[in-house]
Amino acid sequence: MLFIEHALPKSWRWRAPTPARETRALPNPQSVMSKLGRVVEAVEKYNQFVLDQVKRARTDEKFGRDLVGRWNDIKAKIPTTRTPTGLPLPRLALPEIDEPGEIASYLFGEGLPGEFPFLNGAYREMYLEPIREVESFEKNGGKIDKKIPQAEEPTRLFSGLMLAEDTNERFHYLTRHQRTHRLSTAFDGPTLYGIDSDADGVFGKIGEGGVAIDTVEDMVRLYDGFDLGSPNFSASMTISGPAPIIMAMYIAAAKRRFGPKVGPKLRGTIQADIFKEVQAQNETIFPIEPSLRFLTDMVEFTTREMPRWYPISISGYHIGEAGSTPVQQAAYTLSNGFAYAEMFAARGIPVDQFGPRLSFFLDCGLDAEYIALARVSRRIWAIGMRDVFGAGPKAQLFKLHTQTSGRSLIAAEFKNNLTRTAAELLLAYMNATNSCHSNSADEPFTTPSEEWIRLAAHGQAILLEESGIFKHTMNMLSGSPGMKTVERAVETAILDEFREIERLGSVLAAVEERYQRSQIQNAAHRYEQQIYDGTRPIIGLNRYRDGAEEIPEVKLVRTPRKKQQLQVDRLVRFKKKNAERAKRALDRLATVVERGENCFPTLLDAAEVCSLGQITGRLQEVVGRFRPMV
């Protein structure tokens with residue numbers, strides 16, 4: 001164990017009274033906003049509590065003495081490791097302080113890694129190499145004589161191209177050297193909109209920019225050769241509009257390969273974030289309320305039946321890529337998260353059941369806010385979940401996946417993108433992200449090639465395994481005066497955004513007013529204007545540009561027409577084979593939806609014999625289609 005079990009006695013911990021659980025079917029806008037307003041109040045009260053504890057530590061002699069004693073005890077129990085050069089380092093870096101007020105400020109205001117309010121990390125140890133590996137290295141003259149078990153790598157690899165078997169081949173290429181297989185899947189446009197590959201007008205889009213998935217048979221091909229029930233495998237699927245349907249197909253595919261009892265063993269995430277789709281990405285296929293209902297049906301099922309699965313990834317990445325500022329990205333992501341928490345609690349799902357299964361997804365660019373954006377988000381989430389929703393410790397954790405910024409990748413002198421991504425990776429790991437994907441330098445032109453995607457993955461390996469920045473000591477880069485300054489400024493700005501959403505009535509009400517969308521559009525325009533007028537330097541584009549540079553020869557990854565026809569032919573055969581069973585399954589699904597029952601178990605049955613487009617079409621007949629708000 002890295003340090004003592006509890007840094008602070010229970011009698012020293014402040015928390016708001018536990019709120020009563022609500023059991024309404026869906027929250028009304030005002031009640032959602034009431035929760036968000038209470039989050040603002042809770043953060044402010046907690047900040048005041050920290051100041052009070054600092055004052056108490058300086059005026060209450062016994063309290064201050066106890067704090068110093070506990071601090072010294074924490075430090076004494078930190079193990080020491082050695083670098084390959086023999087330099088001794090503590091496994092946890094703490095500030096060199098001995099004044100009771102400063103100790104109180106650190107323990108209460110930040111918390112040790114893995115301790116509330118989790119500013120310094122969700123877990124006690126992250127990225128560290130096993131201490132036994134270092135000891136074995138020293139004892140054996142620089143040779144490790146046996147393989148030491150290591151923690152799961154935070155690197156998550158992202159791919160999606162052409163047909164399922166093509167993406168499967170890329171997945172196997174990417175995981176050749178990984179101890180654990182953490183795969184993220186990108187889907188093509190028709191799949192993202194719940195449209196079959198044989199629909200009118202989509203042939204040329206099949207397998208472009210992502211993988212084409214129409215049926216459970218495609219899903220079996222997609223992950224062929226991977227042990228989906230293994231503790232060393234997890235899948236992430238970047239899809240929201242038809243997410244419950246795709247999730248059902250994934251479960252069905254897993255059962256075909258590993259039997260009916262594999263469900264509780266499945267690990268992974270599906271994005272399923274409806275709010276961010278409406279606010280930023282536009283891939284919504286049902287009206288908002290039915291979309292949220294289908295999402296909640298899936299969450300209710302998976303939190304009960306699949307305890308290792310994250311049924312939603314509350315995503316700021318696409319908000320950031322659409323043009324938001326870093327603060328807007330964090331504020332809208334967090335407020336969306338609190339709105340989902342309100343919605344799931346209103347369904348009657350216990351907060352300590354769904355809370356630990358929520359995950360988050362942010363991008364990481366090069367603006368100063370990213371020095372502390374995820375750290376501050378983690379703290380706000382923990383306080384809000386504990387003091388407003390009454391969540392226990394596991395449900396307070398802001399479990400974060402980070403992806404380097406796609407918007408920062410520039411076609412001009414595109415090899416500079418390697419440096420941009422490396423800097424973003426450093427910022428992401430400084431913020432103690434739980435997992436991370438690094439973009440490829442050639443993405444301004446095409447789906448990443450094997451060469452550039454390998455270099456992107458190696459960037460993380462160099463940072464985490466080759467360099468000593470993160471593998472020896474927790475908190476290696478945390479707590480500088482500059483970082484603390486950014487933390488305070490970012491927290492204030494996020495709370496200001498919360499207040500504006502509250503003024504509009506709720507997250508839902510703000511969505512209906514197109515508030516988030518309009519703010520993102522304004523920020524995107526300002527960003528592009530800054531590039532145009534030179535106030536935002538982009539090296540190789542508007543500063544230090546090589547005027548003689550020619551457009552590079554980059555091989556574009558395109559789906560051959562022959563493969564697109566193969567996908568259509570497979571789909572036609574699937575539909576013909578299952579025609580009668582599909583009709584019955586779709587009728588049952590429609591009946592369950594019309595009755596207002598949880599439709600996800602029936603969706604699981606439909607996924608066995610129906611295509612994505614068939615299910616989407618039938619559901620749209622029952623609940624309607626999404627119409628963008630003007």
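These figures come from a predicted structure and were not determined experimentally.
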ask   = What is the ring orientation for Tyr429 with Phe470, classed by angle as parallel under 30°, tilted 30 to 60°, or perpendicular over 60°?
value =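 It falls in the tilted class, 30° to 60°.
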request  = Please work out whether the ring planes of Phe226 and Phe171 are parallel, tilted or perpendicular, with thresholds of 30° and 60°.
outcome  =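 Perpendicular.
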message = Does Lys471, at its NZ atom, have more than 12 non-hydrogen atoms belonging to other residues, nucleotides or ligands within less than 6.0 Å?
response =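 Yes, the 6.0 Å shell around NZ holds more than 12 heavy atoms from other groups.
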query = Is it the case that more than 12 heavy atoms not belonging to Arg304 sit under 6.0 Å from its CZ atom?
reply =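 Enclosed: over 12 neighbouring heavy atoms sit under 6.0 Å from CZ of Arg304.
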What distance do [X] atom [atom1] and [Y] atom [atom2] have between them, rounded to the nearest 0.5 Å?
X: Tyr340; Y: Leu358; atom1: OH; atom2: CG; answer: 10.5 Å
X: Met306; Y: Leu266; atom1: CE; atom2: CG; answer: 4.5 Å
X: Ile285; Y: Ile274; atom1: CD1; atom2: CD1; answer: 8.0 Å
X: Ile213; Y: Thr167; atom1: CD1; atom2: OG1; answer: 7.0 Å
X: Thr284; Y: Phe275; atom1: OG1; atom2: CZ; answer: 11.0 Å

Could you give all pairs that pass the salt bridge (charged side-chain N to carboxylate O under 4.0 Å, His left out) test and reach [range], with sequence neighbours left out?
range: residues 246-275; answer: Glu152-Arg267, Arg256-Glu608
range: residues 218-231; answer: Asp218-Arg221
range: residues 562-572; answer: Glu165-Arg570, Asp166-Lys563
range: residues 235-248; answer: none

message = Holding to ring-ring contact (aromatic ring centres under 6.0 Å, His included), I want the full list of residues that pass it with Phe600, two or more places apart in sequence or in another chain.
response =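 ring-ring contact (aromatic ring centres under 6.0 Å, His included) list for Phe600, sorted by chain: Phe301.
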Results of ring-ring contact (aromatic ring centres under 6.0 Å, His included) for Phe354 - residues two or more places apart only =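 Partners of Phe354 under the ring-ring contact (aromatic ring centres under 6.0 Å, His included) test: Phe344.
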message = Taking the ring centre of each residue, are Tyr223 and Tyr250 less than 6.0 Å apart?
response =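 Yes: the rings meet the under 6.0 Å criterion.
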request  = Go through the structure and list residues passing side-chain contact (heavy atoms from CB on, under 4.5 Å) with Thr591, not counting sequence neighbours.
outcome  =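 With neighbours one apart ignored, the set is Arg595.
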message = Using the side-chain contact (heavy atoms from CB on, under 4.5 Å) criterion, which residues pair with Asp198? Sequence neighbours excluded.
response =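 Asp198: side-chain contact (heavy atoms from CB on, under 4.5 Å) contacts with Asp196, Val568, Leu571, Val572, Lys575.
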query = Listed by chain and number, what are the salt bridge (Lys or Arg N to Asp or Glu O under 4.0 Å) partners of Asp587, not counting sequence neighbours?
reply =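 Scan of Asp587 (salt bridge (Lys or Arg N to Asp or Glu O under 4.0 Å), adjacent residues dropped) gives Lys583, Arg618.
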task = Output all residues satisfying salt bridge (Lys or Arg N to Asp or Glu O under 4.0 Å) with Asp214, sequence neighbours left out; order by chain, then residue number.
result =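 Checked Asp214 against salt bridge (Lys or Arg N to Asp or Glu O under 4.0 Å); zero matches.
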request  = Could you tell me which non-hydrogen atom of Met126 sits nearest to which non-hydrogen atom of Asn434, and how far apart they are?
outcome  =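 Residues Met126 and Asn434, closest heavy atoms: CE-ND2, 3.8 Å.
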key: Any donor-acceptor N/O pair, Gln353 side chain to Pro350 backbone, under 3.5 Å   =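 Checking the backbone N and O of Pro350 against the side chain of Gln353, no donor-acceptor pair under 3.5 Å is found.
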request  = Measure from the side-chain N and O atoms of Arg558 to the backbone N and O of Glu208, and report whether any donor-acceptor pair falls under 3.5 Å.
outcome  =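 Between the backbone of Glu208 and the side chain of Arg558 there is no qualifying donor-acceptor contact (under 3.5 Å).
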message = Can you list everything that forms a side-chain hydrogen bond (donor to acceptor under 3.5 Å, both in side chains) with Glu305? Sequence neighbours excluded, please.
response =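 For Glu305 there are no side-chain hydrogen bond (donor to acceptor under 3.5 Å, both in side chains) partners, ignoring immediate neighbours.
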inquiry  = Once side-chain hydrogen bond (donor to acceptor under 3.5 Å, both in side chains) is applied, do any residues pair with Ser159, and if so which ones, sequence neighbours excluded?
reply    =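 Testing Ser159 for side-chain hydrogen bond (donor to acceptor under 3.5 Å, both in side chains), a comparison that skips the adjacent residues, returns none.
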inquiry  = I'd like to know if Arg573 and Glu217 make a salt bridge, using a cut-off of under 4.0 Å between side-chain N and carboxylate O.
reply    =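 No.
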